[in-house]
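This one's a predicted model, so the numbers in the text were calculated from it and none came from an experiment.
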Amino acid sequence: MEILISLLVCLLLFPTIKSGVADRNDGVIQEVRVGLVVDVGSTEGKILKTTFSLALSDFYRNNNEYQTRVSFLERDSQGDPLLAYAAVTNLIKNANVEAIVGAQFLQEAKLLAAVSKKAKVPVISLLAPDSLSLNIYDHFIQTTHDQTSEAKGITSLIHDLNQTSVVVIYEDADDWRESLQTLVEHFQDETLISIDRTASFSESSSGENHMMNQLRKVNKVSRAAVFVVHMSENLVSSLLHCAEKLGMMEQGHVWILTARSMHHFHFSDHFVTRSMQGVIGFRSYVPLSSEIMNFTSRVTMETKRYSVWVHDVACILATAAEKMSLKKSEKVSLNLLETMRQSIYKGLSHGDIQMVGNKFLSGTFEIVEMVGTMERRIGLWSCDSFCGRRDVMASSTNELEIPRHRFLEENGENKKLLRVLVPAGNRVPNLVSMRLDPETGLYTATGFCIEVFKTCIAPFNYQLEFIPYRGGNYNNLAYLLSTQSDKYDAAVGDITITSNRSLYVDFTLPFTDIGIGILTVKKRSQGMWTFFDPFDRSLWLASGAFFILTGVVVWLVERSANPEFQGSWGQQLCMMLWFGFSTIVFAHREKLEKMSSRFLVIVWLFVVLILTSSYSANLTSTKTISRIQLNHQAVFASTTLNNMKLGSINAVEAYAQGLRDGTLSHIINEIPYLNLLLGYYPDAFVMTDRETSTNGFGFMFQRGSGLATNVSREIAKLRSLGTLKDMEKRWFQKLDSLNVRSNAEDVAASLNDVDEASNRFSFRELRGLFIIAGVAHALVIALHLVHIRREIFTKLQSFY
C-alpha cells in the first residue's frame, strides 16, 4: 500500500520538476539567390532595396510552408552603367545568383540585357524606359506601363478636346528619345492628329533664357494648343515656369505629361508646383485597397506605384522559385524564367499579372489634373476607352475650362482658395482625421477641429483645400507655414498655442479648454475577500497542494516508526492534513524520527517563510499605495508635469490600453485629449485634477493675416451661443449612449481586474520555490522507496 501511494505521489510531482521543450524540424529550406544592383544613393535605389526586403518578409510570413526562400545580395552601382555591369558579372560568376533585379537607366539596361542573354540569367528592370532596342533580349524582363495603350489614351483625349494638332516637347537624351518612339509613331499613323512642332531640351544646355526663346518660337509659329511633354522632373518644372511667364498656361492651352514624366515626379521635391495648375498627366493606375494601404504605409506613400511594382516583382520571384523544378540544378535560371512566363500571379498593382512577351505590363492609366498643390483624378483609361471621366476639360464652345491658380467659380460667384495644412497622422480621429478620396484624388478632413474651423471660416466665402502635413512636429509646422506663404495659408488641427510658435504665425483664440489634467482609473470599493488578492488562483492552488503533499510524504516516512502518525485510518488522515497545514504558522509539535522527513520539513519551512513574507509584503504595499496614489500634491508638481506631458500618448485607444495593461497608472495630458477619453468611458476613468499651464488649441494663419482676427471673433460667438460646447459633445461622445455606458462598464471592470492582476503574485513568478520543494519531496520519496525495498529484501532472506 505504501509503495503504491509513493508511486502515485511521484507521478503527481513529475510535471512540476519536468522542464524543456521539444524542437521541431520543418525540413530543409532551399535558398534561391537574387542579385539587387541599384544606385543605393538614389531615391529609387533606396525604395527598391527597402520594399524588396519588406515584400519578401511579408510573403514568407504568409507562406511559411514554402520549401524555398529567395534571398538577395545587394550591390551599389553608384549610377554608373560600367559598375553595374561589373557587379552583375561578379554576382553571376561568384555568387551563383539565379536572377538580377536592377537596370535603372537605358544605357545600363542595354549592358545588363547583353549579360543576361550570354549567361542565360533573367534580369528584371522596374525603371528602365521601354525601348524597341531591348526587345531582342529574351532574358531581359521589364515591369512598365503599356506605351501603346498610353498613346491611344493621349490621342483619344486630344480628340475629345476637339484638337487636331499637337506640339511634342521632349528631353534630348537617349532614355527619353527612345521611349517616345511609340507615341510619335501613333501620332503619325493617326490621320486626324498631326505633330505641328517638336522641341527638345537637355539639362546641360537648357537654361531659362534658352527655354524662353524656344517657347516663344513655338508659340509664334504653331497653331496647336495642346503640348505633350516627355521630360524629367527638373526640366518639366523649368519648362512650365517659363511657359507661365509667357502666358502659355492660361485658358486656351492644354499641357499633357506622359506617364514616365509623372512617375519621375514622385521621386522629386518639385511635385506639385504653382506653375503646374491645370496640367493633365497620365500615370499607371494602382487601385486603392486595404492591402496596398497596409503595405505602402510602411514604405513611402508618395512612391506608392513604384513600391507596389517592387512588391509584385518580389512575390513573382518567390512564387516562381517555389514552383520551378529543382532537379535540374544546372538550369535553374532557365527554369525560373520559364516558370515566370507560364504562370499567372496575383499582384497588388493590377490583379492578375502575366508576362506578355518579355514584359509585365500595366495597361490602365489614371488621368489626373493639378489643382492647388494637389491632384484631382478626372478619369481612367483602360481597354481603349475612358472610364468615369469628369467633364471638366472642354466646353461646348471649344474653349478649355480648366480651373486655375487660386480662384474657383462656384454657383456664379468667385471663391478664393484657402490652402490649409492639416496633420495627417490621424492620432486622434475625433479631433482631426485626413482621408484620401480615391475618386477625386483630393484629401478630405473631418473631426472636431475641422468642424469648428469650417463653421468659423464659412462667413468669409473661402473654398478650402486641405493639404496633409506628415512631419509630426508642430513647431516645424508653424515654421513651414511662415516660410512658404506661396503654398500654404493656414494650419488646422490639435495645435497647442505656444509662445515660440507665435513668433512665426498668428494664432486665433483657443477653441478648447485650456490646461493640463490628470486622468486615472476609477477605483472600485474593496470587498470582504480582499485578503485573497496578494496571490492569484494558480498560486493558491499550488500552495494548498504542496501543504497536503508535505503532510502525506511525512506520514509515509514516519508512519512505520513514529507512534504519533499511527492509529485508525481516520486518525492518520487527520494527522496528515494537520501536519501539512500547521506549517503555515509553524505550529507543528510532532517529533520526527527519520532524518529524511526532517530534511523535507526544513526545506518546506523555507518555502513557507518566503510565501508568508511575500503575502504580507504584497498585501501591505497594495493597500498602502491605493490610499496614497491619488495624492495630487505629490504627483501634480509643475516640474513633473513639464517632464511627463512631452512623452504622453495622444491617442484615445493608447490611453485606455496603457491603463488596461497596467503600464500607466495616470495619464497627464492636455484637457481636450482627456475629455475625449472621459466622453467615451465616463464610468471607467476620472480626472483627478487640472492645472492651467497650457493655452489650448488654436488655428494658425500667416503673420499679418486678417483671418486670424476674424476667425477669433467667430470662435467667441460660437462659445457664447453654446455651439462650441454642442460640437464638443457630438465629437467627444461619438458612440451611441447605450453602447458607451456598457462599453465603459466593461472597460472599467477590465481595468480594475488588470490592475489587481498586475499586483498579484502568480505561480509562474514563484515556480522556482516549488521546483525546490518538488525536488526535495521526490528525493525523500525515492529514499523511502529504497529503504522499503531493502527491508522487503531482508525479510525475504530471513524467510528462506
[X] vs [Y] side-chain heavy atoms within contact, under 4.5 Å:
X      : Y      : answer
Asn695 : Thr498 : no
Met700 : Leu477 : yes
Cys456 : Val452 : yes
Ile457 : Leu707 : yes
Ile495 : Phe507 : yes
Trp176 : Arg260 : yes
Leu431 : Tyr673 : yes
Tyr443 : Val422 : no

Check whether any side-chain N or O of [X] sits under 3.5 Å from a backbone N or O of [Y] as a donor-acceptor pair, and report yes or no.
X      : Y      : answer
Thr512 : Phe697 : yes
Asp506 : Gly704 : yes
Arg435 : Thr444 : no
Thr694 : Ile514 : no
Glu171 : His230 : no
Ser712 : Leu509 : yes
Ser482 : Tyr479 : yes
Ser261 : Met231 : yes
Asp489 : Leu418 : no

**Report entry** Residue list, side chain to side chain donor-acceptor pair (under 3.5 Å) with Thr496, at least two apart or on another chain
**Finding:**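 Expected list: Glu670.
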Query raised in the report: For Arg719, what residues pass the side chain to side chain donor-acceptor pair (under 3.5 Å) criterion, not counting sequence neighbours?
Result: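 Result, side chain to side chain donor-acceptor pair (under 3.5 Å) vs Arg719: none returned.
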Between atom [atom1] of [X] and atom [atom2] of [Y], what is the distance when rounded to the nearest 0.5 Å?
X      : Y      : atom1 : atom2 : answer
Ile367 : Trp381 : CD1   : CH2   : 8.0 Å
Asn213 : Met211 : CG    : CE    : 12.0 Å
Thr455 : Phe453 : OG1   : CZ    : 10.5 Å
Ile47  : Trp309 : CD1   : CH2   : 12.5 Å
Ile280 : Met262 : CD1   : CE    : 11.0 Å
Asn219 : His253 : CG    : NE2   : 5.0 Å

Looking only at the side chains, is there a donor atom on one of [X] and [Y] sitting less than 3.5 Å from an acceptor on the other?
X      : Y      : result
Ser232 : Asn234 : no
Arg713 : Asn710 : yes
Tyr474 : Asp494 : yes

Could you tell me which non-hydrogen atom of [X] sits nearest to which non-hydrogen atom of [Y], and how far apart they are?
X      : Y      : result
Pro468 : Ala424 : CB-CB, 3.7 Å
Arg419 : Ile467 : CB-CD1, 3.9 Å
Phe701 : Val505 : O-CB, 3.3 Å
Ile256 : Val254 : CG1-CG1, 3.9 Å
Cys242 : Met212 : CB-SD, 3.5 Å
Pro510 : Ile715 : O-CG2, 3.8 Å

Query raised in the report: Taking it one step at a time, do Glu44 and Asp39 satisfy side-chain contact (heavy atoms from CB on, under 4.5 Å)?
Result: CA-CA 8 Å; Glu44 299 94 321; Asp39 179 6; over 6 Å; no
Query raised in the report: Between Glu366 and Arg283, does at least one N-O distance fall below 4.0 Å, as a salt bridge requires?
Result: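 Salt bridge flag = yes for Arg283 with Glu366.
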Query - Check ion pair Glu451-Lys454 (N to O, under 4.0 angstrom) - result: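 Between Lys454 and Glu451 there is no salt bridge, as every charged N stays at least 4.0 Å from the carboxylate O atoms.
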Report task. Show the numbers, then the answer: is there a side-chain contact (heavy atoms from CB on, under 4.5 Å) between Leu481 and Tyr504? Result -> CA-CA 8 Å; Leu481 179 62; Tyr504 303 103; over 6 Å; no
Report task. Start with the C-alpha distance between Phe448 and Asn430, add both sets of side-chain angles, then the distance that settles side-chain contact (heavy atoms from CB on, under 4.5 Å), and finish with yes or no. Result -> CA-CA 6 Å; Phe448 170 69; Asn430 288 61; over 6 Å; no
Query raised in the report: Mind checking whether Phe511 and Phe699 have ring centres under 6.0 Å apart?
Result: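 Here the rings of Phe699 and Phe511 have centres that are less than 6.0 Å from each other.
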Report task. Any chance you could lay out the side-chain contact (heavy atoms from CB on, under 4.5 Å) test for Glu208 and Ser238, step after step, and finish with the verdict? Result -> CA-CA 7 Å; Glu208 183 173 334; Ser238 301; over 6 Å; no
